[in-house]
Amino acid sequence: MSDEEKPGQPEPPAASEAPKAPEAAPKAASSPDPTASPAPAAPAAPKPPAPKPAVPPAPKKWEPTGEVVVTPVTEKLAARFGDAVQGVKSPCGEAIVLVKKEKLGEALAFLKSDADCAFDFLSNLTAAHYPVNDKKFEVVYDCYSVAKRHAVRVKVALDDGEPCPSAVPIWPTANWQEREAHDMYGIVFEGHPNLKVILLPEVWDGHPLRKEYPLGGPKEAAIRADKFAKPGYMPDDLEAAERIAEEGRRDH
Amino acid sequence: MTTELREAAGTSPLRKALETTTMELNFGPQHPATHGVYRAVLQLDGERVVGIESIIGYLHRGIEKWVEYRTYTKATPIFDRLDYVGAILNCHGYVGTVEKLMKIEVPKRAQYIRVVLDELQRIANHLLWLGTHALDLGAMTVLFYGLREREVIMDLFEAMVGQRLLQNAYPIGGVRLDFPRGWERACRNFMAELPHRLDEYETLLSSNRMWLQRTKGIGVISGAEAVALGLSGPTLRGSGVYFDVRKCIPYGSYEDFDFEVPLGENGDVYDRYIVRVREMRQSLRILQQALDGMPEGPLMPEKLSKIIRPPAGEVYFSVEGAKGQLGYYLVSDGTDKPWKCHVRSPSFINLQGLEKMVVGGLVADVVANIGSLDIVLGEVDR
Amino acid sequence: MTFESLMTYVGWPLIKIVILLGVVAFCVAYTVYIERRLLGFFQSRVGPNRVGPFGLIQPIADGLKLILKEDIIPANAQPFLFRIAPIFAIVPAFVGFAIISFAPPLVTGAGVVHPFVVKDVNLGILFLLSITSLGVFGIVLAGWSSGSKYPLFGSLRSASQMLSYEIPLTLSVLSVILMAGSFRLSDIVDAQSKLPFAIPLILAFGVYVISAVAETNRIPFDLPEGESELVGGFHTEYSGMRFAFYFLAEYANVVLVCCVATSLFLGGYKIPFVPYETLLAAHPILVSALGLAVFGVKAVLFLYFYIWIRATFPRYRYDQLLRIGWMVLLPIALLNLFLVAGIKLWLLR
Amino acid sequence: MTIGWILLFALIIACALGVVISRSPIASALSLLVGFVGVAILYLALKAEFVAAVQVLVYAGGILVLYIFGIMLTDNEALRLTRQVHFQAWPVFLLVLVLFLWMGHKLYHSDYAATPPAAKVMVVSGGDQAETAIAALQAQSQVAAGTNTQRLASVMYGNFLYPFEAASVLLMVAALGAVFLAKKEI
């Protein structure tokens, strides 16, 4: 047990260096209006930055380490799509390519239909949120070929609210996984047959896996705020709720 | 002639009464055959299913969000709560992912111990599945027999790691403790007993005409359809597709062992059933080899920092879970907490195949098909 | 009206009915207990063993619990039908016992005969069939009046199942009637003095057993209440006492079927292969007591067989069940009937 | 005793009316059930146990269940909106009344024990008066003496075998026709 406890203790601000810091900005933007679910407010754009002392100065971009892995599949993709396909560094030797959004549908269809690639099995589809990057979202496709037994990961970077072509026509298995990514990140998949909530309740506000979304959700943040409030304090002050939630998060 | 009659009835209320409509049946979320809080809205024409809409998320606990606020070590036990009847396999998937990302070399003995526990867990999972599946189809005795054997495995787990259901079995890097004294003998006793028990179940089910009538030719899904739908594990192999992560993307020393991957032919409920039963026998083979060829050596790698801080980057790693390919997509930002962790849960994706299996069948077949998918709602909803 | 005639027409039947009702209710309650214990043994577990020695008071505890529970009537239900439906189920199940002779008649001193039957009706078996055919109303009305879809499904299935299986059941009973030449149950039992009908009428016996399992809605034919599909089937919405009525009705039907099978096919209170005349030499009370015991043993053995089936088999699907009824059992029953009629006409002249 | 009979008759007639008048189809079906049972009691009183048992077995336990089966599968609201009794109700009622009076008159004034449409009476009632009718029948055919059931059987399968078979063929045709009509497409 002791080795589990230790990492938690020496946790000065050093632990939350790079990407966690700029959470504050989009959070402040989203918190007053948690109902903006499908296309949430652009981070920090309409509102002045929240007055927070803890905001570190220069947000660093999220950069993977390691080196780019080249396999016959990535070569073939590069040959076919040229600049639209770009290798991504991997710390553990995985073949990853970043495809431009315009070419994504074409590239995925090519991966499925090409005789050498033959990626008939979409193993995993998910999304990720990098608030500090230029393009804030990534959709990740882990393709596997049951026949050829090789794998490749295709990624596409998206702006907030930018639609992504649906992979359902290519791999039917993408159906629920895209719905889940839509639930969790608010990514809109164009051409999806039935893009509606799957894991969340139908009336859920916001997209929980976005980084600005507090653990426990806005409602719980408000409840926490209420608990610490003085008598007569209005509990709908979401600023304070966020602050308390942040404290709670640090406690974890 | 009939249409003429209908036309003759005109627009009178009588005509309205003569019209047939489909019936909407709410199947779950509290229903004995949904194995948890799964809800399906069935469109029925008489007893025939013409449409199904799956509604899930009743057990969604936001594990993926939660993990982002935990250190890598502290996140480990959370994943046991996904598939709570195959917890060790979840744990293996997660620690394997971190190990792959950090390029940690797990000692050979630890790998073999993991194989032993994994396969025991797989057998335990399949035993519970067999019992509940049989109970869904009305054969209640098999459930109690299956639980009886599973109990032995639970006791083995308890002796090994101190927990029965949610074991938190592996730390990142290896295993915590070696087999306790006498454990191996107890395990071998169980392994000697199980084949006879399996024969017993097969006498009760595989050679039972009623069982065959309820399962053969029901919920057929072809290999190509199954691959396109992303099904994996016994559900996919029941359709005759050779895809087992242990063989195709080997991990954790599985390449050392000699075992077969049972395949079905028709992709029906029976094939999925028989694949799982045969898989248990193959798991016994692996167990035997792992116990016989157990290497000596350390249980944890020598150089492993107490604070797990992987390099920034992303990784996808999958193990053969009890239900299928159990994958973890992990993004690290170089800190001691994951930036993102997504679980490719086989139950969630296999459940998509249900629509293909049940439409056109009867209500009773819905139950058989849900049973044959072997879903655990903790894993579907995460 | 004299006292004696009053006793003959009202008193004795009433006393018999009261005794029979008590005994049957007791037997039914303990059938549940026996089933749970036996299932426990079949499934390598214990079964109820906490309430009283060996859990013997368990049925009483269960009954008390059910009586004390709230009687819930769903908002969508049709209250009147919902209330009376359980009565439709339980009355036929209990009335059926009226014609069964459990033991040889007790002959006392001056040639006065006390038959061990409430009323040995002339058309006994026909009466039984027609009364039990009314039991389906309890199920159909329950499903209809609950205002819920699972009970509706259950009762639809039940109605078609009971109608389908009544025909082979009746045909198999008909061959017994042909052999015995009478509808009267005591005549049928007497006709089996030498040999139980189960041996010459093995086909009819098989058809009867299968149809009876289906008529009483038990595994493998328990589709109307197939719990993994229809939750509880027709009684999903029932609770408390009204649920207990259905529960009792089901087990009363099981006991009834066991008793009827004993009377029709297993020789009733006759000891197989032992000439009845040798027994008559003994004391009359002994004869009756022995007959009662023999009847009980046969019925319990049949019950054991029933429970054994439940522990072993999975459930059929609805369409398969109907197919078996119409395509397999009905032709077999018809064939058997023709065979028996032919034998009776030409061989046993 | 007579009061009991009058009550029974009243019940049967009330149930018969209930079948026709009731708005709710399920109530109609239930009145029909009570009516069937009441008629069965009448048969029992007339010593036609076989007919009584068959009445309950076939009509109450079989056919009525099919009716209810049908009712359960239909849209009840639409049925409730359908008018059960139309403008022709009163003329029909008068006509039926006339028919009943005529029948009563005929029954009251005819000495049917002597004339041989006895089989009809036999099948319908099987009562005490029918005993003489059977005696008359026995004179012209080889009807065996025995219980009520046996005699009914020998009449039905002896004298009236051809009408009986014709009726069954008719029923078979009706059943096939019903299947043909009910099937969506053939």
Side-chain angles (χ1 to χ4, degrees), chain C residues 78 80-82 84-85 88 91-92 95 99 119 121-147 149 151-167 169-170 173-174 177-178 181-184 187 215 234, chain D residues 1 18 22-41 43-44 47-77 79-80 126 144 146-153 157 175 179:
Chain C
Q78 301 182 1
F80 176 68
L81 288 178
F82 190 81
I84 63 164
F88 273 102
V91 168
V95 170
I99 56 136
K119 180 74 183 150
V121 191
N122 179 18
L123 288 172
I125 196 72
L126 202 62
F127 170 81
L128 184 84
L129 287 174
S130 60
I131 286 294
T132 46
S133 76
L134 290 182
V136 69
F137 279 98
I139 290 169
V140 168
L141 289 181
W144 163 260
S145 64
S146 292
K149 283 171 189 171
L152 182 70
F153 255 99
S155 58
L156 279 178
R157 286 178 169 190
S158 178
S160 46
Q161 174 178 334
M162 287 187 132
L163 284 182
S164 308
Y165 276 82
E166 218 164 75
I167 297 165
L169 184 95
T170 311
V173 170
L174 265 184
I177 294 167
L178 270 182
S182 168
F183 283 103
R184 196 191 293 267
D187 292 351
E215 283 279 299
F234 59 87
Chain D
M1 273 313 210
S22 166
R23 279 275 156 118
S24 152
I26 201 92
S28 291
L30 281 183
S31 344
L32 197 57
L33 171 66
V34 180
F36 281 152
V37 175
V39 174
I41 294 173
Y43 289 150
L44 274 181
K47 291 184 183 165
E49 297 96 345
F50 183 80
V51 184
V54 166
Q55 160 97 358
V56 175
L57 181 66
V58 173
Y59 285 102
I63 289 173
L64 195 57
V65 177
L66 285 181
Y67 282 177
I68 293 184
F69 201 87
I71 292 166
M72 283 162 82
L73 285 175
T74 43
D75 181 5
N76 266 322
E77 283 312 304
L79 278 184
R80 199 164 296 170
T147 62
N148 193 315
T149 316
Q150 282 167 337
R151 282 177 295 183
L152 179 65
Y157 296 105
V179 169

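Note that the structure is predicted; figures quoted are calculated from it, not measured. Protein chains get the first letters and strands the later ones, always in sequence-line order, with residue 1 at the start of each.
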(request) Might you point out which heavy atoms bring C/L134 and D/A60 nearest each other, and give the distance in Å? (result) CD2-CB, 3.7 Å
(message) Heavy-atom cut-off 4.5 Å, strictly under: side chain, backbone, both or neither for C/L156 against chain D?
(response) both
(message) I need the residue from D/V65, D/V54, D/L64 with the largest number of non-hydrogen atom pairs under 4.5 Å to chain C.
(response) D/V65
(message) Just so I understand: if I count every heavy-atom pair under 4.5 Å between each of C/V136, C/L141, C/L129, C/L163 and chain D, which residue has the most?
(response) C/L163
(request) Look up atom CG in D/L30 and atom CG in C/L81, then write down how far apart they are to the nearest 0.5 Å. (result) 6.0 Å
(request) Dump the intermediate steps for side-chain contact (heavy atoms from CB on, under 4.5 Å) on D/L57 and C/F127, then the final yes or no. (result) CA-CA 8 Å; D/L57 181 66; C/F127 170 81; over 6 Å; no
(request) Let me know if C/I167 has heavy atoms under 4.5 Å from chain D in its side chain, its backbone, both or neither. (result) neither
(request) Answer with side chain, backbone, both or neither: which region of C/T132 has an atom nearer than 4.5 Å to a non-hydrogen atom of chain D? (result) neither
(request) Search all heavy atoms of C/S130 against all heavy atoms of D/V56 and return the closest pair with its distance. (result) O-CG1, 3.6 Å
(request) Applying side chain to side chain contact (heavy atoms under 4.5 Å, CB included), name anything that partners D/I68, two or more places apart in sequence or on another chain. (result) C/F137, C/V140, D/I26, D/A29, D/M72
(message) Test of understanding: with ring-ring contact (aromatic ring centres under 6.0 Å, His included), list the residues that count as partners of C/F80, not counting sequence neighbours.
(response) none
(message) Counting only heavy atoms not in D/F36 (residues, nucleotides, ligands), do more than 12 fall under 6.0 Å from its CZ?
(response) yes
